[in-house]
Amino acid sequence: MILAIVFTLAAAPEVTKVEPPGWWPGHSLTPVRLLVRGHNLAGARVSGAPGLQTSNVRVNEGGTSLFADVTIAPTAAAGKRTLRVMTPGGTAEAPFDLLAPLPRDGRFQGFSAEDVIYEIMPDRFADGDPGNDDPPRSKGLFDRAKKRYYHGGDLKGIIGRLPYLKDLGVTALWLTPVYDNNDRPNEKERPEGEPITDYHGYGAVDFYAVDEHLGDLATLRELVEAAHRAGIKVIQDQVANHTGPYHPWVDDPPTPTWFHGSAERHPDETWQTWTIADPHAPPELRASTLDGWFVNILPDLNQDDPEVARYLVQNALWWVGMTGLDGIRQDTLPYVPRRFWRDWSAALHREYPRLRIVGEMWDGDPALVSFFQGGARRFDGIDSGIDTLFDFPLFYPVRRAFAEGKPLKEVATMLGHDHLYRDARDLLTFAGNHDTPRFMSEPGASVDGLRLAFTFLLTARGLPMIYAGDEIGMPGGGDPDNRRDFPGGWPGDPRDAFTEAGRTPAEQSVFDCVRTIARLRAELPALRRGSHVSLAVSDQAYAYARVGAGDPVVIVINNGPGPLDLEVPAGPAGLADGSMLEDRLHAAAPVRVNAGRLRVTLPPRTAAIYTATASKAILDSRRRAKNARTSSAPSMPMTALAALSRSVRCSRSTSAAGNPSRTW
């Protein structure tokens, strides 16, 4: 009698969300672990469906989160399935899809020094769908006049600008997170005393959805497919360290140890990343770095909870498998236990062997940064499996030399620390990103310096990355000023910097330089694959060669305010006496190797890229391209070699008064 009453009074179960919402038969990760969110789930059993078996069910104390293993028959057909969640109070349905895998050809390609990466914050790049600027479910977060509100850029806008990116020489895109973010103002972060929005994407409230301001999952897949057709790869920004402050888990965690602490009581982040690489540091010394909440606000996920770890591994695999991504940029890498990265990266590489992962380890010390690159076990016995890293140690001397006019020798000196890395060839090199002030807003920065910075980044060892807008020298101070809208990305903008007609002469000179050298990089294998050999270094001059992959290339940079007359040894570059070299940037006269040396003369703040004198075939190709440009077929596209035959403007520019062009 009592049992009957209990059954009668028990509330019916309710399912509100299933994560992941689907999985693939035959996947390397099996069984898949479901997180079912809802109400009244206590005591639940889960029954399978055709091709599915369930086991290992676990429900949290509040009856709001249920975990279950789902084993998928390898031969199960793709399609929709329904799992049944049964409690004494009734039955609820949990929808689950069996997914057809995307074809592997042309997807999951990885990235390497063969590429040129372009970073985009989607909200600030281009508005391709004004209909999602101020969506009904998150009304009031759109205002282009407010720097920390949504501005309307979206995935459609990126799709529409792929021809621009292709023309620039970009071969891979890094998109900052597209996760669904909070639908109301963020009252917890008030940097100027006012609430903000999470337009940047780093405040996730749903790890399985695209933010409605940017589009939806179908549009993201459309972007990846369109980029692949254009020969451009796509890298997704993922965050495994923390959630946004408004994620539903904060008030109702799926397990008691889902986070390190709670919103009311938690450790604060102390940023002591050196402790992770210190063999003498005990766990207590590392705890605040691994467990602390960023800015005392962002909930820190506990990857030592097996349910959290499995959730994050599956989430990364799901995004890749659903869209055909080629790589992952992992945010805040050192703040997560290395044993988790080992398992996470292994799962990704097992399913997608060509996929590549780049981690953000923000520090200027190469001894510390190199510790976090995978490929070797460290003192803790762990190989993190993280393929490569951002080269922050090189970023700082690049900025100092080319923006502030500090010694260029610092750049060469930093490259001398490459022995610390397992492999420095694929480190991502850059002159700025969405977290740093723009190059052109550094004290003393000039267009000349920015062109020299790009000349170095696109010809030195590493994988060069361009932050959207730097290719036209956009200014911008600290966050959020460094995230200004790209001019011309919105209907009604007063000018369109995606076109030559909409750029200032200074902007065009930077754009021409970047495009020219990106195309040279594509043409000359040594600039992508060759060993980096330092030939001559002085306070404000640096000569180096890229050798061992095709014909050698010699690069000479004069960062000084006066002309440069430099003797460069030719032997280390593999150049024999009598070899004739021409400057592909047209800033310097041809030079001949004599007695094992090159004598190079360069104007102030100028660079030269020397290659062996062009063969007859190349000269004929250039001649044909020139004829094509002057023919009566105006719609004929300019070829890469034709573009290179233009006056390149990577050298020092002058104003009408004959003075070097400076800032804006």
Side-chain angles (χ1 to χ4, degrees), residues 10-11 13-20 31-46 54-70 83 85-89 92 94 179 182 188 203-208 238-270 282-316 332 335-344 347:
E14 178 186 357
V15 171
T16 58
K17 191 170 182 61
V18 179
E19 299 177 298
V32 62
R33 185 78 167 156
L34 295 193
L35 169 56
V36 179
R37 297 281 284 173
H39 305 285
N40 309 315
L41 303 178
R45 296 179 294 111
V46 182
T54 60
S55 61
N56 195 18
V57 176
R58 175 189 179 193
V59 182
N60 71 349
E61 185 177 351
T64 56
S65 292
L66 177 152
F67 297 91
D69 286 347
V70 176
L83 300 172
V85 179
M86 299 170 290
T87 73
Y179 301 131
N182 196 34
K188 298 183 180 182
V205 298
D206 188 342
F207 284 106
Y208 279 96
Q238 295 190 1
V239 186
N241 179 65
H242 55 266
T243 73
Y246 291 94
H247 197 294
W249 294 335
V250 179
D251 294 327
D252 183 19
T255 70
T257 55
W258 197 260
F259 293 114
H260 290 115
S262 64
E264 296 75 27
R265 185 179 179 84
H266 57 259
D268 195 7
E269 181 57 63
T270 59
E284 292 79 4
L285 194 59
R286 301 186 181 114
S288 62
T289 301
L290 293 174
D291 302 350
W293 290 35
F294 272 38
V295 295
N296 206 25
I297 291 173
L298 299 180
D300 194 79
L301 290 163
N302 176 16
Q303 294 81 15
D304 288 330
D305 181 326
E307 300 288 11
V308 174
R310 188 57 173 261
Y311 180 96
L312 294 171
V313 168
Q314 292 178 171
N315 183 250
T332 55
Y335 302 94
V336 174
R338 284 167 44 78
R339 55 188 170 271
F340 169 77
W341 291 134
R342 174 194 60 205
D343 299 340
W344 179 85

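Residue numbers start at 1 and run along the sequence shown. All values below were derived from every heavy atom in this structure, side-chain atoms included, with hydrogens, water molecules and symmetry-related copies excluded.
Smallest separation of non-hydrogen atoms from Ala240 and Phe340: CB-CE2, 4.3 Å. For His260 against Trp293, the heavy-atom pair with the smallest separation is O-NE1, 2.6 Å. What you find for Pro13 and Gly89 is that their closest heavy atoms are CD-C, 4.0 Å. Nearest heavy atom pair, residue Asp300 against residue Gly292, reads OD1-O, 3.2 Å. Nearest heavy atoms, Ala42 versus Thr87: O-CG2, 3.9 Å. Between Ala10 and Pro88 the shortest heavy-atom distance is CB-C, 4.3 Å.
Screening Asn302, Asp305, Leu301 for a side-chain contact (heavy atoms from CB on, under 4.5 Å) with Phe259, the sole residue that qualifies is Leu301. Checked options Val15, Val46, Leu35; the residue passing with Leu66 is Val46 (criterion: side-chain contact (heavy atoms from CB on, under 4.5 Å)).
In this structure the side chain of Arg33 reaches within 4.5 angstrom of the side chain of Arg58, judged on heavy atoms. Contact annotation: the side chain of Ile297 approaches that of Pro245 to within less than 4.5 Å [non-hydrogen atoms, C-beta and beyond]. Contact annotation: the side chain of Asn315 approaches that of Tyr208 to within less than 4.5 Å [non-hydrogen atoms, C-beta and beyond]. A 4.5 Å side-chain heavy-atom check between Phe67 and Val59 finds every atom pair outside the cut-off. For the pair Thr255/Ser65, no side-chain contact is recorded, criterion being any heavy-atom separation below 4.5 Å from C-beta on. Using a 4.5 Å heavy-atom threshold, the side chains of Phe207 and His247 count as touching. A heavy-atom distance below 4.5 Å is found between the side chains of Leu34 and Pro20. Considering only heavy atoms from C-beta on, Gln314 stays 4.5 Å or farther from Glu19 through its side chain.
No donor-acceptor contact under 3.5 angstrom links the side chains of His266 and Asp291, judged on distance only. Between Arg37 and Thr16, the side chains place no donor N or O within less than 3.5 Å of an acceptor N or O (distance only, hydrogens not considered).
Remark: Asn241 CG to Gln303 CD distance equals 6.5 Å, nearest 0.5 Å. Rounded to the nearest 0.5 angstrom, Arg45 CZ and Met86 CE are separated by 4.0 Å. Expressed to the nearest 0.5 Å, how far CD of Glu269 lies from CG of Leu298 amounts to 10.5 Å. Taken from CG in Asn60 to CG in Leu41, the straight-line distance is 8.0 Å, to the nearest 0.5 Å. Within the model, atoms CG of Leu83 and OG1 of Thr54 stand 7.0 Å from one another, a figure rounded to the nearest 0.5 Å.
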Apply ring-ring contact (aromatic ring centres under 6.0 Å, His included) to the pair Phe294 and Tyr335, showing each step before the final yes or no. CA-CA 10 Å; Phe294 272 38; Tyr335 302 94; 4.9 Å; yes

Applying ring-ring contact (aromatic ring centres under 6.0 Å, His included), run through Tyr311 and Trp249 and close with a yes or a no. CA-CA 13 Å; Tyr311 180 96; Trp249 294 335; 5.0 Å; yes

